[in-house]
Amino acid sequence: MFRPKALGGALTALATVAAGVCLAAAVSTSPAVAAGTGTGYLHTNGNQIVDSTGATVRLTGINWFGMETDNKTFHGLWSSNPWRGQLDTMARLGYNTLRVPYSNDALKPGATASGVNDFVNPDLVGLSPLQILDKVIDYAGSKGMRIILDRHRPTSAGQSPLWYTATVSEATWINDWKMLAQRYAGNPTVIGADLHNEPHAEGTNPAATGACWGCGDTARDWRLAAERAGNAILGVQPNWLIFVEGVSCPSGGLSNVWDNDPSNDEDCGWWGGNLSKAGQFPVRLSVANRLVYSPHEYATSVYRQTWFDAPDYPANMPAIWDKYWGYLYKQNIAPIMMGEFGSTLADPKDRVWLEKLMAYTGTGVTGMSFTYWSWNPNSGDTGGIALDDWTTINTTKQAILQPYLIAPSGGTGGPTGGPTGGPTGGPTDPPTGACTATYRQVNAWQGGFQGELTVKNTGSAAVNPWSVTWSWPSGVTLGSGWNATVTQSGTIVTAAAPSHAGSLAAGASVTVGFTANGTASAPATVKLNGTGC
């Protein structure tokens, strides 16, 4: 899944992977701060994103692509790491938002998902792309994560400069958005729509045929199209945020530097990354406080823009970001959420770029929001946070992003607090015999198996934080785990409570899922906080 990028001047685009953006808040006073992604639906306040209580929220997310490709569902479902395990890792690392690219092909009646490992993900077998998306949304919501839907491509064949093509009309684009808004109405896990991924220039000026900003041509003016689609969505779901990306060249055409006519030359940026005209020609929505501008920003691993070779690089970069999109945030016009940014870090300049860009977004909950590109290791231009096994993490990239991540909290599916069981709020062991354990083998294959261990707190007090341990025979090793942070040392496996569900109330149960390598074996000597079950 590659996508071309927009380049400045007469440069043509290279093929590369893509997505959209979303931004959050900062203020000069001291705002109320929401834990994780806040409560209820989100809206905007100046250059901030706030929750239903008015508390400031910062979206620090990641892209998980695949639903826009021929597979029509998330990539990596073919790996040995179950889909829940991958979401568990994202949340544990601090990604509180998931941006989900899709194509209209994946929404068609009869669309089928492919590339799903039946042994590792048996609960996805036979499901449609939308049904798999439903499950991901439900589980992400249980972890306190938010979802942004991104119309990445009209068809799985590739991206388009305009929001419509000869085979996918504007009406189809809008009607599919209205369907999604209706499907997830009432579910605040899904917070909004990234209307169209990376509108960009096409044709050589003055014969431009691509997406312009503020040119007034209803067939090409992306700003006007964003208003039409955004207002149609808000008519169905007025609580959603509307994420609007930029263009590449505001004229909608590529500059012709070969004609020696400077009037045709224009300062262009990344596809979807140029919001320089949004201040003069703002997107006007029918519901106030719903607009988030979402630029894309990339490094030399995607394309060697001229600014990367400037003598004062990287000191020149903040002024470039200010010009293309940062001014909207700094002038308190609207929030910014970078929907895509990423790099292989293969070039030393890229690491400097990423460090500088993250610093530009600001620290803490009042910084700009973002969704990193990408979780997927199979992004040809950038690689991913996950490595090729879809389990191991690229620690170099993660270390740069980590200081800016705000972990999700307050999930809808499971205990998120409650009695601590002790006067200081520390761990509390239930009395002897105050837990029960049941095991179910979900699946088995040559060399491995999948299982679920359910532990119930039968004591009279909450266990906070809870931790479950068990033993396996020698030679059985952990593959992956979910619903907890699952690790193994020797023959002992530990499932520690996730931060969003640390307390296990009296009478409550937790089910820890896992895959393992070796002969199928039931967990033995199961304990809850050291007490045998």
Side-chain angles (χ1 to χ4, degrees), residues 1 3 18-22 63-74 98-114 127-138 146-187 189-199 211 218-245 272 283 285-287 290-292 294 339:
M1 100 144 226
R3 68 121 164 62
V21 189
C22 141
N63 287 267
W64 189 6
F65 69 75
M67 195 175 172
E68 82 284 19
T69 70
D70 287 338
N71 295 96
K72 298 183 178 63
T73 192
F74 300 90
L98 189 66
R99 182 173 178 264
V100 180
Y102 73 86
S103 80
N104 296 83
D105 281 351
L107 310 182
K108 291 180 178 178
T112 58
S114 62
L127 298 187
S128 70
L130 276 174
Q131 288 171 329
I132 294 176
L133 178 61
D134 291 344
K135 291 180 75 71
V136 168
I137 288 171
D138 287 345
R146 302 288 195 155
I147 300 287
I148 297 168
L149 301 176
D150 156 46
R151 194 285 194 119
H152 206 75
R153 300 173 176 177
T155 71
S156 58
Q159 295 181 221
S160 60
L162 298 171
W163 54 97
Y164 62 92
T165 66
T167 59
V168 181
S169 67
E170 175 174 310
T172 297
W173 172 56
I174 291 177
N175 287 335
D176 280 352
W177 266 127
K178 291 168 67 176
M179 178 275 292
L180 290 169
Q182 184 61 53
R183 186 181 186 92
Y184 300 114
N187 183 351
T189 296
V190 185
I191 57 171
D194 189 338
L195 298 177
H196 176 61
N197 188 67
E198 297 186 342
T218 55
R220 295 196 303 113
D221 194 329
W222 168 235
R223 174 246 196 168
L224 297 179
E227 292 176 351
R228 293 193 295 272
N231 288 331
I233 292 168
L234 292 171
V236 174
Q237 171 48 296
N239 294 310
W240 269 15
L241 295 174
I242 302 299
F243 296 91
V244 180
E245 301 183 27
V283 172
L285 297 177
S286 57
V287 181
R290 296 295 183 270
L291 173 64
V292 178
S294 70

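All residue numbers refer to positions in the sequence shown, counting from 1. The shown structure was predicted, so the numbers you read here are calculated from the model rather than taken from an experiment.
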A.B. asks: May I ask you to decide whether Lys108 forms a salt bridge with Asp105, counting only side-chain N to carboxylate O separations under 4.0 Å?
C.D. replies: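 Judged by the 4.0 Å cut-off on N to carboxylate O distance, Lys108 and Asp105 do form a salt bridge.
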A.B. asks: Give, for atom CZ of Arg146 and atom CG of Leu241, the distance between the pair rounded to the nearest 0.5 Å.
C.D. replies: 9.0 Å
A.B. asks: Rounded to the nearest 0.5 Å, how far does CG of Asn104 lie from OG1 of Thr172?
C.D. replies: 7.0 Å
A.B. asks: Going through the distances and angles, do Trp177 and Tyr102 end up as a ring pair (Phe, Tyr, Trp, His ring centres under 6.0 Å)?
C.D. replies: CA-CA 11 Å; Trp177 266 127; Tyr102 73 86; 5.5 Å; yes
A.B. asks: Which heavy atom in Leu127 sits nearest to a heavy atom in Ala113, and how many Å separate them?
C.D. replies: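 Minimum heavy-atom separation between Leu127 and Ala113: O-CB, 4.1 Å.
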A.B. asks: Could you tell me if the side chain of Lys72 sits less than 4.5 Å from the side chain of Met67, heavy atoms only?
C.D. replies: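 SC-SC contact between Met67 and Lys72 ruled out.
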A.B. asks: Of the non-hydrogen atoms in Ala106 and Ala111, which two are nearest, and what is the gap between them?
C.D. replies: O-CB, 3.7 Å
A.B. asks: Go through the steps for Leu98 and Val136 under the test side-chain contact (heavy atoms from CB on, under 4.5 Å), then give the verdict.
C.D. replies: CA-CA 10 Å; Leu98 189 66; Val136 168; 4.0 Å; yes
A.B. asks: Quick one: CG on Leu107 to CG on Asp176, what's the gap to the nearest 0.5 Å?
C.D. replies: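 Nearest 0.5 Å value for the CG-CG distance: 5.0 Å.
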A.B. asks: Nearest 0.5 Å please: distance from the CD1 atom of Ile137 over to the CG atom of Leu149.
C.D. replies: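 If I round to the nearest 0.5 Å, the distance is 5.5 Å.
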A.B. asks: Are Val244 and Trp222 packed together at the side-chain level, in the sense that at least one heavy-atom pair is separated by less than 4.5 angstrom?
C.D. replies: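 Contact flag for Val244/Trp222 side chains = yes.
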A.B. asks: If you define the side chain from C-beta out and look only at heavy atoms, does anything of Ile233 sit under 4.5 Å from Trp240?
C.D. replies: yes
A.B. asks: In terms of the angle between their ring planes, are Trp163 and Trp173 parallel, tilted or perpendicular, with boundaries placed at 30° and 60°?
C.D. replies: tilted
A.B. asks: Under 4.0 Å between a side-chain nitrogen and a carboxylate oxygen: does that hold for Arg183 and Asp134?
C.D. replies: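 Counted as a salt bridge, because a side-chain N and a carboxylate O are separated by less than 4.0 Å.
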A.B. asks: Walk me through it: do Thr155 and Thr167 pass the test side-chain contact (heavy atoms from CB on, under 4.5 Å)?
C.D. replies: CA-CA 9 Å; Thr155 71; Thr167 59; 4.3 Å; yes
A.B. asks: With rounding to the nearest 0.5 angstrom, report the OG1 to CD distance, Thr218 to Glu170.
C.D. replies: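 Atom-to-atom, Thr218:OG1 and Glu170:CD are 8.5 Å apart.
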A.B. asks: May I ask you to test the Asp150-Val100 pair for a side-chain heavy-atom distance under 4.5 Å?
C.D. replies: no
A.B. asks: Are Leu133 and Phe74 close enough, and set up right, to give a side-chain contact (heavy atoms from CB on, under 4.5 Å), and what steps lead you there?
C.D. replies: CA-CA 9 Å; Leu133 178 61; Phe74 300 90; 4.0 Å; yes
A.B. asks: Minimum heavy-atom separation for Ala226 to Leu285, with atom names?
C.D. replies: O-CD2, 4.5 Å
A.B. asks: List the atom of Gln237, the atom of Ala181, and the distance in Å for their closest heavy-atom pair.
C.D. replies: CB-CB, 3.8 Å
A.B. asks: Under the side-chain contact (heavy atoms from CB on, under 4.5 Å) rule, what do Tyr164 and Val168 come out as? Steps first, then yes or no, please.
C.D. replies: CA-CA 6 Å; Tyr164 62 92; Val168 181; 6.0 Å; no
A.B. asks: For Phe65, does its backbone N or O pair with a side-chain atom of Asn63 as donor and acceptor, under 3.5 Å?
C.D. replies: no
A.B. asks: Side chains of Asn71 and Thr73: is there a donor and an acceptor less than 3.5 Å apart?
C.D. replies: no
A.B. asks: Which pair of heavy atoms, one from Ala232 and one from Ile174, lies closest together, and at what distance?
C.D. replies: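 For Ala232 versus Ile174, the nearest heavy atoms are CB-CG2, 3.6 Å.
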A.B. asks: Flag the pair Leu130 / Ser128 as yes when at least one side-chain heavy-atom distance between them is below 4.5 Å, and no otherwise.
C.D. replies: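 Side chain of Leu130 against side chain of Ser128, heavy atoms only: contact under 4.5 Å found.
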A.B. asks: To the closest 0.5 Å, what do you measure between CZ (Arg153) and NE2 (His196)?
C.D. replies: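 Reported value, rounded in 0.5 Å steps: 11.5 Å.
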A.B. asks: Specify the closest pair of heavy atoms between Leu195 and Arg151, including all atoms of both residues, with the distance to one decimal.
C.D. replies: O-CB, 3.2 Å
